Engineer: 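The structure follows.
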Protein chains: 2
Amino acid sequence: MHSQNLINIITDALPGLNKSETKVAQVILADPDAATSSSIATLAKKASVSEPSVNRFCKRFNATGFPDFKLKLAKSLVSGIRFVNRNVNPDDDVTSYTPKIFDSTINDLALVRDKISHTVVNSVVDKLIQAKRIYFFGLGTSGSVARDAENKFFRFNLPVSYHDDVLMMRMLASTGTTGDVFFVISHTGRTKEIIDVVQIARENGATIIALTSPGSPLAAISSISLDVDVPENTDEYMPMTSRIVHLVILDVLATGFTLRRGPDFLPHLEKIKNSLLPTRLKKDN
Amino acid sequence: MHSQNLINIITDALPGLNKSETKVAQVILADPDAATSSSIATLAKKASVSEPSVNRFCKRFNATGFPDFKLKLAKSLVSGIRFVNRNVNPDDDVTSYTPKIFDSTINDLALVRDKISHTVVNSVVDKLIQAKRIYFFGLGTSGSVARDAENKFFRFNLPVSYHDDVLMMRMLASTGTTGDVFFVISHTGRTKEIIDVVQIARENGATIIALTSPGSPLAAISSISLDVDVPENTDEYMPMTSRIVHLVILDVLATGFTLRRGPDFLPHLEKIKNSLLPTRLKKDN
DNA sequence: TTATTTACGTTATTTTCTTACATAATATAA
DNA sequence: TTATATTATGTAAGAAAATAACGTAAATAA
């Protein structure tokens with residue numbers, strides 16, 4: 001609705017504009033792309049107004065002047081075009097569906113990057129630092145995310161495990177106590193089994209961190225929730241990108257964790273890294 | 001093809017530039033956003049070169065002049081990719097390391113998006129379509145990727161499994177035959193055990209698809225290799241992004257697969273999707 | 001109506017960009 | 001090596017673009 005797209009802003013403002021401003025707006029809206037590369041004189045002539053009128057028009061829309069306006073207009077056009085262009089069609093071929101899938105993933109990441117609450121991230125890092133042990137829970141696709149998380153966090157010299165089996169989860173939840181952190185990953189946040197398990201762990205005084213969608217039942221009953229608001233994929237052909245976002249958020253948390261531990265901890269990480277060297281073929285042969 | 005990002009184009013061209021052009025490039029790359037809104041005089045001063053040098057720089061990159069260059073630069077910046085200093089420093093806090101990690105992931109995705117060979121992607125989809133069964137192999141972090149791949153590909157009504165156990169891999173490889181596809185995921189492509197396993201499968205006439213780095217031993221001995229050239233993470237604090245890229249490439253392959261199967265196949269996917277509904281809490285309560 | 005505000009254009013000025021040309025640096029051939 | 005060609009870069013002029021200052025016209029309110 002209230003997108004920051006300049007074209008939409010102009011369209012919305014159209015009824016409130018005066019004569020010459022309206023003329024300018026019409027010319028711009030008729031061919032915004034041309035407007036971005038034309039001079040103030042050209043545009044003024046096209047709209048049959050004076051150059052300062054065009055300039056005033058620009059300032060009206062929070063630009064410092066005509067060049068600044070063109071810049072903002074150009075930016076609006078790019079994001080708009082990409083957005084429209086992002087769905088995979090049945091008749092797409094490799095050259096078209098490949099960049100589309102990359103673009104939609106990139107777009108979702110950029111969205112979350114700008115929306116994610118740094119305060120919440122910080123609190124989650126706090127809780128992880130305080131944890132005596134961490135369990136990563138996830139079912140289906142989120143199971144892979146949980147597995148990846150284990151692979152990241154075991155490096156911190158801390159009892160860490162991942163689980164994708166509801167019975168196992170249930171048992172662990174029932175033995176959970178203060179100091180245990182259950183890190184629960186779920187795209188929907190509405191899986192009954194998961195909710196059950198979290199409830200049990202909660203009752204035992206464990207900390208629950210949720211990585212899920214905002215407003216979900218899981219988010220509601222967790223100690224703290226990292227909200228990821230990635231639109232549901234309505235398109236049949238389009239893969240789910242939320243798990244990618246989840247992985248990147250876990251990267252962020254792991255980084256926060258490492259930083260909090262301080263530089264004395266780096267040699268430990270280095271040791272783990274080097275432990276894999278003997279399993280690899282040498283580069284020079 | 002996909003229009004390459006101007007920033008990447010400049011970065012790539014950097015080694016071939018002459019003195020003053022290099023100066024200009026460095027100033028632009030240091031803060032591209034500032035460059036889009038500064039005058040040619042300001043930029044020339046910052047780079048300690050003359051104004052015409054800046055102008056010539058712009059023309060070198062297929063712009064008609066400085067304003068046109070700024071426009072193109074601005075457009076490049078919109079695509080969600082930010083080019084700030086992307087390294088995490090020990091004294092970074094949440095508000096700085098969070099966007100950095102997102103940005104570096106986004107940047108790597110954009111790079112691969114523009115570099116990946118559509119021909120190879122297409123051939124890999126061909127091979128997957130022809131497969132009688134698919135094994136996804138991966139160790140460590142790549143194990144999670146393999147697990148995710150299984151979760152995607154089992155939907156295609158095809159015997160699919162993932163394995164992160166070298167003994168299991170070895171046994172499966174030894175029984176592999178024509179029609180079997182071994183999809184091997186490895187960031188380095190130099191893990192001895194994996195190379196061994198692939199050799200065995202190869203000798204049995206199976207098809208080996210590698211998702212690994214170009215020029216690696218694994219790429220060399222595979223039937224076909226999807227090259228992912230993501231720079232090694234030299235920074236201690238920066239997480240590995242290659243696995244994210246791998247996941248997106250698997251998304252691309254799954255999409256290619258779905259499209260190749262045609263629209264008759266969609267109801268089957270829908271059925272799988274709906275099978276999960278009973279496990280979820282209703283939205284309205 | 002007249003006073004007042006607002007809208008708009010003309011002209012002048014400033015800023016920005018580009019062209020033409022000259023000089024310096026570098027590479028190449030003798 | 002030196003002479004010559006080539007390329008790189010800067011200076012200065014001028015063209016183009018954008019803005020500011022000002023004045024007149026139109027609209028509105030009293």
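Chain letters run A, B, ... following the sequence lines, proteins first and then strands; every chain starts at 1. Everything numeric in this text was worked out from a predicted model, so none of it was measured.
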Engineer: Pairing donors with acceptors under 3.5 angstrom, does anything connect the side chains of A:T95 and B:H118?
Structural biologist: no

Engineer: For a quick check under 3.5 Å, do A:R56 and A:N18 share a side-chain donor-acceptor pair by atom type?
Structural biologist: no

Engineer: Can you check whether B:T42's main-chain N or O pairs, donor with acceptor, with B:S39's side chain at less than 3.5 Å?
Structural biologist: yes

Engineer: Mind checking which nucleotides bracket the chain A contacts on DNA chain D, 5' to 3', with an atom under 4.0 Å from a heavy atom?
Structural biologist: D:dA17 to D:dA27

Engineer: Provide a list of protein-nucleic acid N or O atom pairs under 3.5 angstrom, restricted to nucleotides 14-18 of chain C.
Structural biologist:
{"from": "C:dC17", "atom 1": "OP1", "to": "B:K70", "atom 2": "NZ", "distance (Å)": "3.2"}
{"from": "C:dC17", "atom 1": "OP2", "to": "B:I40", "atom 2": "N", "distance (Å)": "2.4"}
{"from": "C:dT18", "atom 1": "OP1", "to": "B:F66", "atom 2": "N", "distance (Å)": "3.4"}
{"from": "C:dT18", "atom 1": "OP2", "to": "B:N55", "atom 2": "ND2", "distance (Å)": "2.2"}
{"from": "C:dT18", "atom 1": "OP2", "to": "B:F66", "atom 2": "N", "distance (Å)": "3.0"}
{"from": "C:dT18", "atom 1": "O5'", "to": "B:N55", "atom 2": "ND2", "distance (Å)": "3.3"}

Engineer: Under 4.0 Å, counting only non-hydrogen atoms across every strand here, what does B:V49 touch: a base, just sugar-phosphate, or nothing?
Structural biologist: sugar-phosphate

Engineer: Determine the interplanar angle of the B:F69 and B:F57 rings, folded into 0 to 90°, and report it as parallel if under 30°, tilted if 30 to 60°, perpendicular if over 60°.
Structural biologist: perpendicular

Engineer: Does A:K19 place a side-chain N or O at less than 4.0 Å from the phosphate oxygens OP1/OP2 of C:dT6?
Structural biologist: no

Engineer: Are the side chain of A:S123 and the backbone N or O of A:T119 linked by a donor-acceptor pair below 3.5 Å?
Structural biologist: yes

Engineer: So, does B:K59 use its side chain to make a donor-acceptor pair with the main chain of B:F66 at under 3.5 Å?
Structural biologist: no

Engineer: Counting distance only, does the side-chain N/O of B:S222 pair as donor-acceptor with the main-chain N or O of B:I224 below 3.5 Å?
Structural biologist: no

Engineer: Indicate whether OP1 or OP2 belonging to C:dA7 is found under 4.0 Å from a side-chain N or O atom of A:S53.
Structural biologist: no

Engineer: Mind checking whether A:F102 and B:V252 have side chains closer than 4.5 Å, heavy atoms only?
Structural biologist: yes

